[in-house]
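First the structure, in the form of structure tokens, and then the observations on it.
Residue numbers start from 1 in every chain, and the chains themselves are labelled A, B, ... in the order their sequence lines are given, proteins ahead of strands. The shown structure was predicted, so the numbers you read here are calculated from the model rather than taken from an experiment.
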There are 2 protein chains.
Amino acid sequence: MTTPAAAHKARRLAEREKRIVAAARALAEEQGWEAVTTRRLSDAIGYSQPVLYSHFPEGRSQIVTAVALDGMVELAGAMVATTAPDRARPGAECVRALVTSYLDFADRHPATYEAMFRLPIGVPFASADTPRPLRDAFEAIVAALRGLDRPPADLETAAEVLWGAVHGVATLERAARFSPGNQERRVAELVRHFVD
Amino acid sequence: MTTPAAAHKARRLAEREKRIVAAARALAEEQGWEAVTTRRLSDAIGYSQPVLYSHFPEGRSQIVTAVALDGMVELAGAMVATTAPDRARPGAECVRALVTSYLDFADRHPATYEAMFRLPIGVPFASADTPRPLRDAFEAIVAALRGLDRPPADLETAAEVLWGAVHGVATLERAARFSPGNQERRVAELVRHFVD
DNA sequence: CTACGTTTTCTAGCATTGCTAGATTTTTGC
DNA sequence: GCAAAAATCTAGCAATGCTAGAAAACGTAG
């Protein structure tokens, strides 16, 4: 039952849905999440508010979630690319690159990153129904740790702690809780502790 | 010009201000910050909304800040008590106790903790105009690290990173991003990385 | 005790928010 | 070309943070 007309319509709908998510993300990055209102979003895509709800029945929160999922795909992509076997690095360098790419993402897309972790999705990194990209990112950390000269005994726990540590540093950096301009030294210190 | 009547009035005002902050904190811990509305707060203290603004001219955000400041005093108190010289511990145990008391606070007062770090107060831990309790807590971490067998070269940076790591673990734990029930193992892993 | 002036408090309302029911327009299928 | 169906819009609700102006309570002087 996929007539050309129906296919065309489906494509237009998917297109519009992407525009909604893109508009939400752009607005959030430019003016913060509190500026992402349903009225502004509907203005941005040139439709009225109820159209948003035809795409996202749960409303605003579901749109934020969509942005978060996009962000997870990007972050996981960056992290997996960092640990790709073709650019083989010694174990410690691999961990460092991973941490750097993570912090880089959080720094360049603060609102998106905020959505990814403020959300109470309540799903562990390594569970069965974890969003695929999140799980990929977690596995990238596990792989990097496994490549160390002296890998930790409990890889999963170590990966969770490393993720937590990097996440905390990213958060406090963003909140300007750290002394300004010492980010590189902090990264070095953080990596030093985990590659030991 | 401190007549008894004026003093009494000042005391009553201070009392009411405390009730506002306490009500906000209780409501946030019970139902989350989105449930902390000016109407509910004024109901809780038995006055109308404008009374809130006579105490906190900047409105709701200033009340949240007051809760955050209270939390910082408590957290700093717990951390400083942990590192008190009377209960002298070996360096590593001191760091472990510090981390544990920190995570314990975040776990028992999640909404208060959220206010403390979601706020864009934009003040570093170790700056001149940092809230006193935050600075005390930071110094407690520095002191604990200094007491290690092999203290890190750059104490301030190491303390920032340790704070960030613990903060990240606290946040992800709260967001249920970690595998359930392994908190103790994570704490052990975290401490292990920072004490040697 | 009264009457006035000050201070405190409340009532009522504004603009904005997320969201939705019902009317209206557009598209579809024959 | 026309009726059924789908898509979209208009208009509105309840709740939010916040505030101006009315009302009440208070303090002080006579």
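Applying the ring pair (Phe, Tyr, Trp, His ring centres under 6.0 Å) rule to pairs touching residues 39-73 of chain A yields nothing, sequence neighbours excluded. Evaluation of the side-chain hydrogen bond (donor to acceptor under 3.5 Å, both in side chains) test over residues 30-46 of chain B, restricted to residues two or more places apart or in two chains, returns B:Thr38-B:Gln49. The side-chain hydrogen bond (donor to acceptor under 3.5 Å, both in side chains) pairs that include a residue from residues 157-168 of chain A are A:Tyr102-A:Trp163, A:Tyr113-A:His167, A:Asp154-A:Thr157, A:Glu160-B:Ser179, A:Glu160-B:Arg186, where partners are two or more places apart or lie in different chains.
In this structure, CH2 of A:Trp33 is placed 16 Å from C1' of C:dT17, rounded to the nearest angstrom. Computed from coordinates, the B:Ile63 CD1 to D:dC18 P distance equals 8 Å when rounded to whole Å. B:Ile45 places its CD1 atom 13 Å from the C1' atom of C:dT8, with the value rounded to the nearest Å. Distance, A:Leu52 CG to D:dC9 P: 10 Å, rounded to whole Å. Across the protein-nucleic acid pair, B:Tyr47 atom OH and D:dA23 atom P stand 21 Å apart, rounded to whole Å. Here C:dT20 presents its C1' atom at 16 Å from CD of A:Gln62, a figure rounded to the nearest Å. B:His55 has its NE2 atom 17 Å from the P atom of C:dT7, to the nearest Å. Separating the CG atom of A:Asp43 from the C1' atom of C:dT16 is a distance of 14 Å, rounded to the nearest angstrom.
In this structure B:Asp129 satisfies the side chain to side chain donor-acceptor pair (under 3.5 Å) test together with B:Ser127, sequence neighbours excluded. Annotation: side chain to side chain contact (heavy atoms under 4.5 Å, CB included) contacts of A:Val187 (sequence neighbours excluded): A:Arg96, A:Val99, A:Thr100, A:Leu103, A:Gln183, A:Val191.
Residues A:Glu139 and A:Arg135 are paired through a salt bridge, judged by an N-O separation under 4.0 Å between the basic side chain and the carboxylate.
The side chain of B:Arg12 has C:dT9 as its nearest neighbour among C:dT9, C:dT11, D:dC9.
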With 3.5 Å as the limit, what N/O pairs link the protein to nucleotides 13-17 of chain D?
unit_1 : atom_1 : unit_2  : atom_2 : d
D:dT16 : OP1    : B:Arg40 : NH2    : 3.4
D:dG17 : OP1    : B:Val36 : O      : 3.3
D:dG17 : OP2    : B:Thr38 : N      : 2.8
D:dG17 : OP2    : B:Thr38 : OG1    : 3.0
D:dG17 : N7     : B:Arg39 : NH1    : 3.1
D:dG17 : O6     : B:Arg39 : NH2    : 3.3

